[in-house]
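The block underneath contains the structure these notes are about, expressed in structure tokens.
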Amino acid sequence: MQFTEGKEETRLVLTKPLTIDGESNTDYTAPNPLQLVLSLFKNVMPGSDLTRLQLPPLFNIPKSHLQCFGESVYCVASDIMSRCNSGESPLDRFIAVVTWSISTVRPVIFGVAPYNPILGETHHVSRGNLNVLLEQVSHHPPVSALHATDEGENVEMIWCHHLTPKFYGTSVEAELHGKRVLKLQNHGETYVMNSPKVLIRFLPFPWADWVGNVRIQCQESGLEAELCYRNTSFLGRRGNQRSIKGKVFESSSLKTLYEIDGQWDRTVRMKNINNGKDTVIHNAKEVISGLRAPIVKDTREIWASESALVWSDVSRGILSKSWEKAKEAKKAVEEKQRELQRERESREENWVPKHFTVSHSKEGGWECSPIQKWVPEAPIIVPL
């Protein structure tokens with residue numbers, strides 16, 4: 001983790017990204033997590049929307065959802081994005097995009113969750129030539145927008161995520177509505193995909209993982225992929241945890257070209273249906289292992305809305321296990337937002353995002369478009 005030096009208002013807390021088991025994740029696990037979680041939901045009715053549930057810091061990891069979304073893009077041990085762009089054929093590039101999509105999935109820790117970002121919160125980080133900017137464009141409902149660009153590779157990413165966690169008695173399902181768009185502009189190709197959902201089970205034993213179906217489409221090449229994330233553990237036995245199965249096929253004929261099988265936190269293999277050749281396309285130890293925390297390059301350029309600054313006092317309390325300090329700090333952040341909301345209402349003003357234009361329709365859901373063509377270089381960087 002990094003605590004920046006200098007004035008109090010420019011001190012940020014940046015911690016290691018969530019990574020595969022055996023590294024930094026256990027630092028955030030609360031004592032007796034199942035007992036704590038069940039006590040939290042004792043007065044919650046099944047089917048309830050949990051977006052307004054106030055979590056005490058004991059249930060938080062020291063970072064917000066914006067940081068977690070951003071980490072899945074800029075915290076990787078190998079440059080997968082360049083491989084997407086450098087593929088010689090449309091099929092090569094499509095397979096590289098499938099591999100990149102798998103690499104964005106990171107472990108979920110039972111019993112804890114990131115902070116729910118405040119309205120207007122931002123997270124701005126650079127990794128090499130890749131510049132990533134996120135903004136919380138709605139608080140209720142929670143909607144996060146991401147824009148990432150690499151001018152050298154001429155690559156652009158736009159995400160719009162609407163998180164909807166719901167309680168079902170013995171489990172919580174958190175769906176990430178919205179689409180992720182990846183543009184390889186040198187090739188005139190646009191890839192559109194969705195996200196798996198998080199499933200948290202309390203009984204018969206506690207676990208949390210990504211589940212559900214992901215579809216990746218490229219209209220220009222006429223290729224599609226279907227991926228199914230599953231956790232088949234039963235009664236506490238390990239089973240086939242964090243498994244993924246899928247296929248790559250032609251959109252017009254539905255002809256399957258490749259079959260995909262493996263575990264996203266270990267290795268994922270792809271089999272060529274035509275010749276039977278089997279290839280490893282994803283090795284988690286090479287991609288999401290040993291990741292380092294971002295560092296601050298220039299505190300003078302940090303925005304007041306930066307996630308690592310907004311929640312810094314809360315994160316310090318969590319990391320030092322000073323729960324009362326963390327509770328007071330979180331209360332101060334939330335009360336400030338309520339005060340700003342009251343001020344806007346008294347002036348009859350509507351809040352407007354700084355970095356995205358946002359629209360919503362019943363049919364299409366939330367849509368976010370970046371205002372700038374290129375994301376500028378960030379004052380927070382990922383060491384290469």
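The residues of the chain are indexed from 1 along the displayed sequence.
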Where the side chain of [X] meets the backbone of [Y], is there a donor-acceptor pair that is under 3.5 Å apart?
| X | Y | value |
| --- | --- | --- |
| E189 | K183 | no |
| R266 | S243 | no |
| S322 | K325 | no |
| K63 | K16 | yes |
| R93 | G87 | yes |
| S64 | L66 | yes |
| S305 | E121 | no |
| H282 | R269 | no |
| Q263 | Q241 | yes |
| N85 | E153 | yes |

Are side-chain heavy atoms of H139 and N116 found at a separation under 4.5 Å?
yes
Can [X] and [Y] be counted as having a side-chain donor-acceptor contact under 3.5 angstrom?
| X | Y | value |
| --- | --- | --- |
| E224 | S251 | yes |
| R83 | T99 | no |
| N283 | T267 | no |
| Q185 | N154 | yes |
| R180 | T104 | yes |

Ring centroid separation for W311 and Y115, is it under 6.0 angstrom?
yes
In this structure, is the centre-to-centre distance between the rings of H123 and Y74 below 6.0 Å?
yes
Can you tell me how far the [atom1] atom of [X] sits from the [atom2] atom of [Y], to the nearest 0.5 Å?
| X | Y | atom1 | atom2 | value |
| --- | --- | --- | --- | --- |
| L119 | Q341 | CG | CD | 7.5 Å |
| M81 | S103 | CE | OG | 7.5 Å |
| L257 | I95 | CG | CD1 | 8.0 Å |
| Y229 | W264 | OH | CH2 | 8.5 Å |

Quick one: do [X] and [Y] end up in the same hydrophobic cluster if we chain Ile, Leu, Val, Met, Phe, Trp and Tyr together by side-chain heavy atoms under 4.5 Å apart?
| X | Y | value |
| --- | --- | --- |
| L223 | I80 | yes |
| W323 | L55 | yes |
| V105 | I216 | yes |
| V375 | M157 | no |
| L134 | I371 | no |

What class does the angle between the rings of [X] and [Y] fall in, given that below 30° is parallel, 30 to 60° is tilted and above 60° is perpendicular?
| X | Y | answer |
| --- | --- | --- |
| F110 | F202 | perpendicular |
| H161 | F69 | perpendicular |
| W303 | H355 | parallel |

Any idea which heavy atoms bring [X] and [Y] closest together, and the distance?
| X | Y | value |
| --- | --- | --- |
| T15 | P294 | O-CD, 4.0 Å |
| R292 | P17 | O-CD, 3.6 Å |
| P46 | G169 | CB-N, 4.2 Å |
| P62 | L319 | CG-CD2, 3.9 Å |
| S72 | W159 | OG-CH2, 3.5 Å |
| S144 | Q136 | OG-OE1, 2.6 Å |

Identified side-chain hydrogen bond (donor to acceptor under 3.5 Å, both in side chains) partner of E173 from the options K197, R201, K166
K197
Under the side-chain contact (heavy atoms from CB on, under 4.5 Å) criterion, do E306 and V125 qualify, and how do the steps go?
CA-CA 10 Å; E306 166 59 45; V125 179; 5.6 Å; no
From CA spacing to verdict: side-chain hydrogen bond (donor to acceptor under 3.5 Å, both in side chains), T51, H140:
CA-CA 7 Å; T51 54; H140 291 303; 4.7 Å; no
N60 vs V314, test: side-chain contact (heavy atoms from CB on, under 4.5 Å). Steps then yes/no.
CA-CA 9 Å; N60 287 130; V314 188; 5.5 Å; no
Passes side-chain contact (heavy atoms from CB on, under 4.5 Å), E349 versus E343? Steps please.
CA-CA 9 Å; E349 291 180 356; E343 290 177 0; over 6 Å; no
Scan P117, P114, S307 and name whichever one has a side-chain contact (heavy atoms from CB on, under 4.5 Å) with Q67.
S307
Would you mind telling me which of N213, V214, L176 makes a side-chain contact (heavy atoms from CB on, under 4.5 Å) with N194?
V214
Does a salt bridge link E226 with R215, judged by any charged N lying under 4.0 Å from a carboxylate O?
yes
Strictly below 4.0 Å, N to O, side chains only: are R338 and E335 in salt-bridge contact?
yes
Can C68 and I61 be said to form a side-chain contact (heavy atoms from CB on, under 4.5 Å), step by step?
CA-CA 10 Å; C68 292; I61 59 174; 4.1 Å; yes
Given side-chain hydrogen bond (donor to acceptor under 3.5 Å, both in side chains), test T149 with N131 step by step and report yes or no.
CA-CA 6 Å; T149 57; N131 302 316; 4.9 Å; no
Apply salt bridge (Lys or Arg N to Asp or Glu O under 4.0 Å) to E156 and K373, showing your working.
CA-CA 9 Å; E156 180 179 34; K373 181 179 179 181; over 6 Å; no
Show the numbers, then the answer: is there a salt bridge (Lys or Arg N to Asp or Glu O under 4.0 Å) between K271 and D278?
CA-CA 4 Å; K271 181 181 178 181; D278 195 60; over 6 Å; no
